[in-house]
Amino acid sequence: MATFHFELVSPDRISFSGQVDQVDVPGAEGDFGVLAGHAPLIALLRPGIMTVTAGGEQIKLVVLGGFAEVGPDGLTVLADAATAIDDFDRAALRSQIAEMELRVKEVDVDSALDRQIAKLDHFKALDQHLEGTAMH
Amino acid sequence: MASLKDMRVRLASTKATQKITKAMQMVAASKLRRAQAAAEAARPYAERMEKVLSNIASTVADINSAPRLLAGTGSDQVHLAVVCTAERGLCGAFNSSIVRLARERINSLIGQGKTVKILCVGRKGADQLRRQYSSQIIEVIELRVKTLGFEHAEQVSRKLIELYEKGEFDVATLFFSRFKSVISQIPTALQIIPPVFEAKPDGAPSAVYDYEPEDTDILTELLPRNVAVQVFRAILENAASEQGARMSAMDNATRNAGEMIRKQTITYNRTRQAMITKELIEIISGAEAL
């Protein structure tokens with residue numbers, strides 16, 4: 001299987017860099033998989049789980065928003081925060097959700113509110129998903 | 001002439017000072033390593049971000065429909081200078097050189113009849129600018145933290161975007177010191193709102209990207225983030241520069257103290273010998289008189 005270059009960059013470091021077979025990315029408008037030779041694409045991310053397949057092994061990472069760029073030289077994901085799923089601090093996520101729920105009440109009704117609610121929903125969905133994977 | 005005791009006290013104090021500067025130099029050296037690593041780790045993100053953004057910006061067909069953070073307000077009457085400096089002194093010309101660059105820019109803008117507002121990140125720059133421009137400083141943000149995180153940059157950028165959306169300024173320029181090496185830090189001015197992209201070399205075919213969602217949606221998301229990323233990069237570069245500047249300043253101070261100690265020791269020993277000789281002469285001539 002053809003591989004391609006994948007880089008995961010967060011503001012303070014490069015979290016992952018190397019050749020991979022496939023990356024499943026949580027895009028803002030739905031998940032999408034990237035294989036070698038994907039068409040050039042720039043997509044926003046929603047908070048979710050990213051799956052990296054390299055050499056038959058799967059790595060799962062939690063990303064909290066950012067964007068992905070597929071170019072001729074591979075896939076680059078610029079993530080706000082990226083953590084391996086086992087290291088992810090779910091208590092911190094929960095407290096962030098609680099904080100956001102409080103904040104949503106203060107926002108005026110306009111597109112900013114829509115964005116806040118959408119973000120909150122993504123966080124909740126992520127939390128539920130993690131709940132599911134933790135039990136298995 | 002100072003007595004022997006005075007000289008001893010003075011020598012001891014110079015030695016104590018040397019110990020302090022030596023310790024500060026070593027602390028700066030170890031902090032520098034961390035700060036430098038952080039600054040270098042932040043570069044890829046900022047560079048990628050800039051690349052992607054300039055790619056999108058160049059494909060936006062109608063610049064007037066683009067978000068204001070990209071297109072600007074259409075005027076350049078009110079400028080905002082964001083001056084990033086250190087929280088502490090004793091780091092050579094680090095703070096002064098950033099302030100000097102900012103002051104030159106501010107004066108030339110005022111000379112052109114523009115209005116200039118100042119936002120200080122870091123206490124030292126604010127202290128220096130307050131003397132001349134106290135009425136123009138709109139806010140001072142202090143970053144008294146052990147490790148600089150992205151959230152600090154976001155705090156600054158939220159403030160900037162809030163001010164921009166209220167129409168408080170048209171153009172924002174970031175002043176900071178770029179870390180080149182331990183002995184060389186370059187004061188830099190970088191316009192961040194609206195962002196300026198380097199012109200692409202002609203004929204370089206840029207890949208045609210699909211956007212998901214629409215490119216304008218991506219831009220509204222990316223532009224505020226870009227401000228935060230640029231600020232983050234600036235404060236990290238600044239942190240590394242500050243430690244580098246302090247390290248070389250303290251190295252100099254230690255060397256100067258060593259030089260002073262050498263001179264003072266020589267004078268002290270000479271004086272001591274002179275006194276011994278004088279006492280001997282007194283004793284001998286006293287004995288001869290008997």
Side-chain angles (χ1 to χ4, degrees), chain A residues 5-17 25-34 37-47 63-83 92 96 99 103 107-108 110-112 114-116 118-119 122, chain B residues 34-35 37-57 59-60 67 147-154 157 161-162 165 204-226 228-233 235-236 239:
Chain A
H5 190 71
F6 167 57
E7 244 173 43
L8 176 61
V9 194
S10 38
D12 47 356
R13 68 204 160 101
I14 297 180
S15 308
F16 185 95
S17 174
V25 185
E29 298 190 331
D31 290 9
F32 60 91
V34 179
H38 195 287
L41 169 78
I42 292 176
L44 284 181
L45 305 185
R46 63 181 159 79
V63 290
L64 300 181
F67 67 98
E69 182 210 3
V70 187
D73 43 351
L75 168 68
T76 311
V77 174
L78 300 190
D80 292 2
T83 336
Q96 212 172 342
E99 191 192 315
R103 220 183 313 149
V107 180
D108 297 333
D110 61 357
S111 60
D114 284 349
R115 274 205 297 276
Q116 289 271 345
K119 202 173 169 193
H122 286 324
Chain B
R34 242 177 306 148
E40 273 162 14
R43 275 179 196 160
Y45 191 89
E47 278 161 15
R48 293 279 176 170
M49 176 69 102
E50 213 173 329
K51 208 181 95 191
V52 171
L53 209 49
S54 72
N55 249 336
I56 303 179
T59 56
V60 171
T147 43
L148 289 165
F150 192 59
E151 65 269 20
H152 302 112
E154 277 182 323
S157 80
I161 290 163
E162 195 183 303
E165 275 167 2
S206 66
V208 182
Y209 286 97
D210 278 341
Y211 296 104
E212 190 186 324
E214 292 297 307
D215 49 1
T216 44
D217 291 342
I218 293 190
L219 275 179
T220 40
E221 183 79 10
L222 279 194
L223 287 165
R225 201 195 305 267
N226 182 51
V229 168
Q230 298 302 338
V231 173
F232 185 52
R233 187 183 182 183
I235 58 178
L236 284 182

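Below, read A as the first sequence line, B as the second, and so on, with proteins coming before strands; counting in each chain starts at 1. Keep in mind it's a predicted model, so treat the numbers as computed, not measured.
- Within the 4.5 angstrom heavy-atom criterion, no atom of B:L236 approaches chain A.
- Taking 4.5 Å as the limit, some side-chain heavy atom of A:F67 sits within range of a side-chain heavy atom of B:L222.
- Interface residue A:E29: backbone and side-chain heavy atoms are both found under 4.5 Å from chain B.
- Rounding to the nearest 0.5 Å places CD of A:E69 at 5.0 Å from NZ of B:K51.
- Closest approach of A:I42 to B:I218, counting heavy atoms only: O-CD1, 3.5 Å.
- Within the model, atoms CD of B:E47 and CG of A:L78 stand 11.5 Å from one another, a figure rounded to the nearest 0.5 Å.
- Chosen from B:P213, B:A42, B:P44, the residue pairing most often with chain A at heavy-atom distances under 4.5 Å is B:P213.
- Only the side chain of B:F232 comes within less than 4.5 Å of a heavy atom in chain A; its backbone stays farther off.
- If you measure heavy-atom distances from B:R233 to chain A, you find no contacts under 4.5 Å at all.
- Applying side-chain contact (heavy atoms from CB on, under 4.5 Å) to B:Y45 and the options A:I14, A:T76, A:V9 leaves one that passes, A:V9.
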